[in-house]
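Below is one structure, written out as structure tokens, with a few remarks after it.
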Amino acid sequence: MKLQFSPEQNAFRLEVRQWLAANVPKQKLPTYDTKEGFELHRQWEHKLFEAGFSMVMWPKEYGGRGCDLIDWLIFEEEYYGAGAPGRVNQNGQLLLGSTLLDFGTPEQKAHFLPRMASSEDMWAQAWSEPNAGSDMANISSKATLDGEHYIINGQKTWSTRAIYADWAFGLFRSQPGSERHHGLSFLLVPLNTEGVTIRPIKALDGEEAFAEIFFDDVKVPITNRIGDDGKGWHVAMATAGFERGLLLRSPARFQQPARRLIQLYRDNKAAADRDPAIAVAVSKCWSDAEAYALSAYNTVGRVNNGEKIGAESSLNKIFWSELDLLICQTAMDILGATGELLGSAPLAKEHAYWLDAFLFAQAGPIYAGTNEIQRNIVAERVLGLPKK
Amino acid sequence: MKLQFSPEQNAFRLEVRQWLAANVPKQKLPTYDTKEGFELHRQWEHKLFEAGFSMVMWPKEYGGRGCDLIDWLIFEEEYYGAGAPGRVNQNGQLLLGSTLLDFGTPEQKAHFLPRMASSEDMWAQAWSEPNAGSDMANISSKATLDGEHYIINGQKTWSTRAIYADWAFGLFRSQPGSERHHGLSFLLVPLNTEGVTIRPIKALDGEEAFAEIFFDDVKVPITNRIGDDGKGWHVAMATAGFERGLLLRSPARFQQPARRLIQLYRDNKAAADRDPAIAVAVSKCWSDAEAYALSAYNTVGRVNNGEKIGAESSLNKIFWSELDLLICQTAMDILGATGELLGSAPLAKEHAYWLDAFLFAQAGPIYAGTNEIQRNIVAERVLGLPKK
Amino acid sequence: MNFTFTEDELLFRETINRFLATEASPETLRDIWSGDKDAGALLSLIAEQGLSALSVPEEQGGLAMGDVAWSLMTQELGYHAIPDPLVNSAYVATGLLNALDDSVSQKADLLEHICEGDLGFAIGHECSPLVADANTAHTLFMQQDDEIHMLGATDVQTVPNPSIDFSRRLSQITWSAVPKTCIASGEAGKKIWSETFNRGAISVAGQLLGLAQRMLDLSVEYSLQRKQFGREIGSFQAVKHQLADVAGKIEIAKPVLYRAACSLENHHPLSDIHISQARNFCSEAAALAARVGIQVHGAMGYTWEVDLQMYVKRAWALNNTWGDSIMHRARVQDYVLNSDIDLAPSKTFEAV
Amino acid sequence: MNFTFTEDELLFRETINRFLATEASPETLRDIWSGDKDAGALLSLIAEQGLSALSVPEEQGGLAMGDVAWSLMTQELGYHAIPDPLVNSAYVATGLLNALDDSVSQKADLLEHICEGDLGFAIGHECSPLVADANTAHTLFMQQDDEIHMLGATDVQTVPNPSIDFSRRLSQITWSAVPKTCIASGEAGKKIWSETFNRGAISVAGQLLGLAQRMLDLSVEYSLQRKQFGREIGSFQAVKHQLADVAGKIEIAKPVLYRAACSLENHHPLSDIHISQARNFCSEAAALAARVGIQVHGAMGYTWEVDLQMYVKRAWALNNTWGDSIMHRARVQDYVLNSDIDLAPSKTFEAV
């Protein structure tokens, strides 16, 4: 056990830090859930890509930098520490990227990955359906094989920022009569194809953060399939759950708001200390965020040693989603009477940041598998308790 | 709405207060889970009875005082406020007493109630069986009708202080082939009858607080049955759940430890305030205990107005059992390094009270229907959610 | 000792509930939230039903109802997410007017206006830099230490500050305290402000509790419709227990709210504590109902499309209105921890 | 940066676990708890396996293992509820001896004794008026401000104070500090006491985590055997989720414990904070495991008959040993809230 960074790791950290100090927009970009904000974030992604910081862990040939997971943790610490913009293309880059790296053909990788790293292609996920939410395998959207193409019909929902995206990826039932996890194929669909209709869904904050996607005889070539026909579930699930979970929510993602919360507390100490519960919560937020970071470094070390990480990623999901709620709720408590103000309110200072974060935190225990499902997974796969 | 006591209520309160001030033993009695302590508590019960304070709500003819529920709440406030001894015969007096008053024949009431009020007869409950814990209806102990008698065979468990008691009451399957809630009879069994074997179970504190009762061809007359043959479940359940729950755990039962916790906190303020979570918890304990008292007065008022109180008694059970845990856990936190000491330790001062209370509080979320069962009841009967 | 409501009070509540269920449906609210309609029409309709007259003395044609009865009313206003002007004018401002010395000119006049459905009052208290509906009010009561100043619309400048609750109209206010606007000061002013703050705080407590019940009802309803893994999600124990916990928080908060109302109505010396205690319980109920509501609704709970979101946001917004949660928790904690009062079981009500 | 254990360390842990599972079975423990046997035989057996020699330097024949490796060992000692003398003598007291100046006569001698299985050491620290195993110790290290005093059994009077953990032997001690018993003082003494306290605290953290895992394992096992309503209770979602939450507390506590151990071993300037942080996480895991364990065991969990009770009580007892929970929480809170350190994401480890 050695808990110091190597000189190379420190050098990488400094390089990232300096680049970010010079390049992070001074003014916070407008939310990427609007058209304008989406475009500005896409430009930022391109800038990151040009500097080689878009997908630091991908191989160089695909637009990455060939870093390992520790480097990536370092990158994230600097990225969040600098208050750099949110990653608008992360659903493609993080969720689909790993899958492509593991299962894509050389042609697919060569075509899709660099365009994804540079955000020339923007990606939306198309997992959920109206009746396949927590019950992920209950997919009914069909992809019918017809020569060299699939003809897709059906509906997907909760597709993040799909109204602005270029592509979507998801599972479709390609084997007629198949049930549950069987007979699904993993397909990539250009959203400008004929027959695709996208209808926005307003999120809690009123922004069109999600969309429904309707497929009406949408034709995609079979070369857009990842993995074998009917094996889509396997493809979707095989990429280590741990890595995917971690990529989506690096520890720095919570350490930075915890740090910001501490500052908010220090700035309002006299008022906040009237209720000692605030001090307790602030301290717990920091301590939990740090514990999550320690857990990530520990797990990354074990992954580097060749260990397989399984259902414990479900524990991570529960932990960070509850932590995120606590951080934001505590901030709202400290903000008090003005906490309800929108960012456009003249009195709003820190408020817009916290209200957005608070609203977004509400989704944490729901998406990527509700925390109820995660607790089932822990109980059944880690503890060996019976399914029924 | 009028939240002042009447002159009569105030007079009753003062009478109780004065009697307790003159009569409550100066020295805490030894625990009634020991033979010696049991006897001393029986003597105390007799003294209470002589003064007319044993069962204040029962009719005078059965050894009571004919008080209403408000008077009873007042009595409890004074009783706990004075630190008077625990009620050793409460399983009979509170659980069986109400049932006898509602379903007993005139002869049964005249015989059993006064002897119970005076604690000439000490009662143990015999509800649970090894396979009928949370699943209360899964009773398999049999009572076979044979002329004017039942012949009882089977086993009961978790019978509180049965090794010292004179009588037990419980449900037995009297109709062969019946299932679940049907075909059970509510019987009273003298524990000195031939064929009764009692084996103590050591509780968490090492005391023989519970026992198993084995019945081997135990003969009891049918006049010991309450209600009709096969209708025992109805008899056991019909006495208002609310009243029974409240009787077992009056608000004063939690307000007094909350008050004691506040004193413990005030006595150790400097040390306790190093962790602000303690102040938060202490304040919450008082506030919750008071809320439970308010809830009781409110519900009693509604009962007096003729309202039926149903599944909300399950909410009470959850609330007080969690409150009790918080009170005791907070006290243990304040006691710190010496909290683990038994009462016999020279350094122990307040400790014996708190350690006993802490251990006992652990049982709160379990007995009288686990809190999981209570939450099911609330979800199904209050909120109308489906059973399966 | 009788800790219950009269049959009349309960019946009145039931009537109001039925009326609001029809007139203040989620669809109506949605129109207000989306800016398609303003709240005026709905509020007029409610005022026409006599709700604005509840607190007005009989001399001015009102019903002279007290805080106890209002603790039922505010729950209904919360349950139906009725925008602020009604409760602020008809309950809080009316209470302030009632408490003013009869020598204050306009007092009787204004009370009569309220009785007739005028909801154009706003109150600025030092607990917040924001004043609800100040930009549309014709009469504003503003705090300057112990002084109460009554101002007209032209005496103030307002700057709107939009809230996550789109039905709210909050503003910062610029105004000047001059002797002629002062209608109470010194001990009298202090007492009225204290009572007004408490009334505002308990009006929020009641609304939060009503909102909690609404969020619970919506969640139960949704959990019976939505199926996953071939079953209603309401049949899963994890969902059942979360909803049961919300029900528990609501039930325990009720008597705390009612006692606080009774204390306020009867000038109980511990009104401050009782009201903050009520706020804490109602606030916890609403916070849990919101969290569980969103969770039970799954991804739908995160959208603008389900009705739940309006009640959730209103609960979040009200949570720090008329005193923030820190302040109300601190008031109870100070009482319990830092006084040397003996908190014996017999002290719940004034006992001998 | 490598936050993992070596294969040797993991293998050693596994070996110890297998050995203790055989030799320190619940039945053996029960004999100790009920007073039928004393812990001596078991402890000797463990010491014979070389466990007493782990911290002893190689010069005295030991393995010179550090705190990182001990963070695995203490979990095993907790998992099997091994009575205090082993960890206190072989880990905490040995650490104290190691830190003493070589000029202290007896230092090498005593280390050799420990290496050979001698567990007769006790430590009295001002964090508690109680000293474990003081009545059977032949050597006691006592704190007097910054001074360390080394005393023999005849130099002290002990008064036993029985604990809810029946395997513990706690005493109050009367003794006098005289110059000749003082073996360190001033800055040196202060530093050793600080490190000794931290080592004691982390030894408790590790044991609490091991106990949490044991309580979880026992509860899972019971939930698979016990049937109610015709199903294993472990198949009910309410039970599953409670046990999953315990697993969550345990998993998150592990890396916090390991980092703290690494900091202690390497004299990290934030050792105090890291160790208290570890204590908080391990303590929370153990407290939840105890509560859920009792709940899952139902009425059985409330009895002397199930093994669970020994682990539960030991967890309760250790929770306030080597610093109480208030003190450890306060140490972390002070650091976070009252310093002006920038707690940026890059500060988890010493970064550039």
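Every chain is numbered from 1 and lettered A, B, ... according to where its sequence line falls, protein lines coming before strand lines.
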Straight-line distance of A:Thr370 OG1 to C:Gln295 CD, nearest 0.5 Å: 6.5 Å

Distance col, row A:Leu341:CG vs C:Ile164:CD1, nearest 0.5 angstrom, shows 10.5 Å

With a 4.5 angstrom heavy-atom cut-off, is it the side chain or the backbone of C:Leu170 that approaches chain A, or both, or neither? side chain

Validation row: A:Leu342, C:Phe166 side chains within 4.5 angstrom (heavy atoms): yes

As an exercise, state the distance from CD1 of A:Ile334 to OG of C:Ser325, rounded to the nearest 0.5 Å. 10.0 Å

Whatever's closer than 4.5 Å to a heavy atom in chain A on C:Leu130 counts as side chain

Looking only at heavy atoms and a cut-off of under 4.5 Å, which of C:Asn161, C:Asp324, C:Ile233, C:Asp165 has the most pairs with chain A? C:Asn161

With a 4.5 angstrom heavy-atom cut-off, could you sort out which part of A:Leu347 is near chain C: side chain, backbone, both or neither? both

Would you mind writing out the side-chain donor-acceptor pairs for residues 271-285 of chain A within the sub-3.5 Å range, not counting sequence neighbours?
unit_1, atom_1, unit_2, atom_2, d
A:Asp273, OD1, A:Tyr265, OH, 2.7
A:Asp273, OD2, A:Tyr265, OH, 3.3
A:Asp273, OD2, A:Lys269, NZ, 2.8
A:Arg274, NE, A:Ala271, O, 3.2
A:Asp275, OD1, A:Ala277, N, 3.1
A:Asp275, OD1, C:Gln333, NE2, 3.4
A:Asp275, OD2, C:Arg329, NE, 2.4
A:Asp275, OD2, C:Arg329, NH2, 2.8
A:Lys284, NZ, A:Asp288, OD2, 3.0

In terms of heavy-atom proximity below 4.5 Å to chain A, should C:Phe236 be classed as side chain, backbone, both, or neither? neither

Sub-4.5 Å heavy-atom contacts with chain A: which residues of residues 304-313 of chain C show up? C:Trp304, C:Glu305, C:Gln309, C:Lys313

Any side-chain heavy atom of A:Gln362 within less than 4.5 Å of one from C:Arg291? yes

Do the ring centers of A:Phe358 and C:Trp316 come within less than 6.0 Å of each other? yes

Tell me, do A:Phe210 and C:Tyr302 make a side-chain contact under 4.5 Å, heavy atoms counted? yes

Looking only at heavy atoms and a cut-off of under 4.5 Å, which of A:Glu340, A:Met332, A:Lys202 has the most pairs with chain C? A:Glu340

As an exercise, state the distance from CZ of C:Arg226 to CG of A:Asn131, rounded to the nearest 0.5 Å. 6.0 Å

Do you know which two heavy atoms are closest between C:Pro162 and A:Ser344, and how far apart they sit? CG-OG, 3.3 Å

What residues, two or more places apart in sequence or in another chain, satisfy side-chain contact (heavy atoms from CB on, under 4.5 Å) together with C:Ala238? A:Glu372, D:Gln237, D:His241

Flag the one option from C:Val239, C:Leu318, C:Ile294, C:Val159 with the top tally of heavy-atom pairs under 4.5 Å to chain A. C:Ile294

Considering all heavy atoms, the nearest C:Phe229-A:Ser134 contact: CZ-O, 3.5 Å

A:His182: what forms a ring-ring contact (aromatic ring centres under 6.0 Å, His included) with it, not counting sequence neighbours? none

C:Arg331, part contacting chain A, at a heavy-atom distance under 4.5 Å: neither

Any chance CD of A:Glu179 has more than 12 other-residue heavy atoms, nucleotides or ligands included, within less than 6.0 Å? no

Decide if atom CZ of A:Arg381 counts as having more than 12 heavy atoms of other residues, nucleotides or ligands within a radius under 6.0 Å. no

What part of C:Gln172 is in contact with chain A, defined as an atom under 4.5 angstrom from a non-hydrogen atom: side chain, backbone, both or neither? side chain

Among A:Asn376, A:Leu359, A:Thr338, A:Thr157, which has the most heavy-atom pairs under 4.5 Å with chain C? A:Leu359

One option among C:Ala330, C:Ala299, C:Ser128 has the most heavy-atom pairs under 4.5 Å with chain A, and it is C:Ala299

Is C:Ser163 close to chain A through its backbone or its side chain, or both, or neither, when contacts mean heavy atoms under 4.5 Å? both

